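Heads up, the thing below is written out as structure tokens.
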Amino acid sequence: QVRLVESGGGLVQAGGSLRLSCAASGSIFSSITMGWHRQAPGKERELVAYITRGGVTTYADSVKGRFTISRDNAKNTVYLQMNSLKPEDTAVYYCNNALGTWGQGTQVTVSS
């Protein structure tokens, strides 16, 4: 059974940076697309970014140029580097894979 465990969330001031990590169990990590979504209070969950097994990346318009998704297949880990954070980036961030597995989420709060 595949499990995804996020870490790295926290409280940061606007303009600051955070790096989220998502550690995956199981041997299929390197062969599937991985993604990050987020959900702010009162809003629907939205895609932030995803990365294919070949390393091709896609980003939501709202985070382009500020966030970077990457993966380390040797460590079964996907990362989300978040720079120039804004208060509107405040949300619970979830890691997921192309098989529909989701992590428990990690809170990111950006103060103004």
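Just so we're clear, the structure is a prediction, and the values are computed from it rather than from any experiment.
Note: S111 OG to Q13 CD = 5.0 Å, rounded to the nearest 0.5 Å. Atom CD in E44 sits 14.0 Å away from atom CZ in R38 (nearest 0.5 Å). Of the inter-residue distances, the one linking R71 atom CZ with L80 atom CG reads 14.0 Å to the nearest 0.5 angstrom. Between D89 atom CG and T109 atom OG1 the span is 11.0 Å, to the nearest 0.5 Å.
Considering all non-hydrogen atoms of both residues, L20 and T106 come closest at CD2-CG2, 4.0 Å. Closest heavy-atom contact between A91 and A40: CB-N, 3.8 Å. Residues Y79 and D72 approach most closely at CE1-CB, 4.0 Å, considering heavy atoms. Residues S25 and R3 share a closest heavy-atom pair of OG-N, 2.7 Å. Looking at every heavy atom in both residues, R53 comes nearest to I32 through CB-N, 4.0 Å. Pairing each heavy atom of V12 with each of L18, the nearest pair is CG1-CD1, 4.1 Å.
There is a side-chain donor-acceptor pair under 3.5 Å between N83 and S17.
By the 4.0 Å N-to-carboxylate-O rule, D61 lies close enough to K64 to be salt-bridged with it.
Aromatic ring orientation, Y94 versus W102: perpendicular (interplanar angle above 60°, classes split at 30° and 60°).
In this structure, F67 and L85 have side chains that are in contact, with non-hydrogen atoms separated by less than 4.5 Å. A 4.5 Å side-chain heavy-atom check between M34 and C95 finds at least one atom pair inside the cut-off.
Annotation for L11: hydrophobic cluster partners, listed by chain and number, are none (ILVMFWY side-chain heavy atoms under 4.5 Å, direct or chained). Through direct or relayed side-chain contacts under 4.5 Å between Ile, Leu, Val, Met, Phe, Trp and Tyr, L47 connects to Y50.
A donor-acceptor contact shorter than 3.5 Å is absent between the side chain of Q81 and the backbone of R19.
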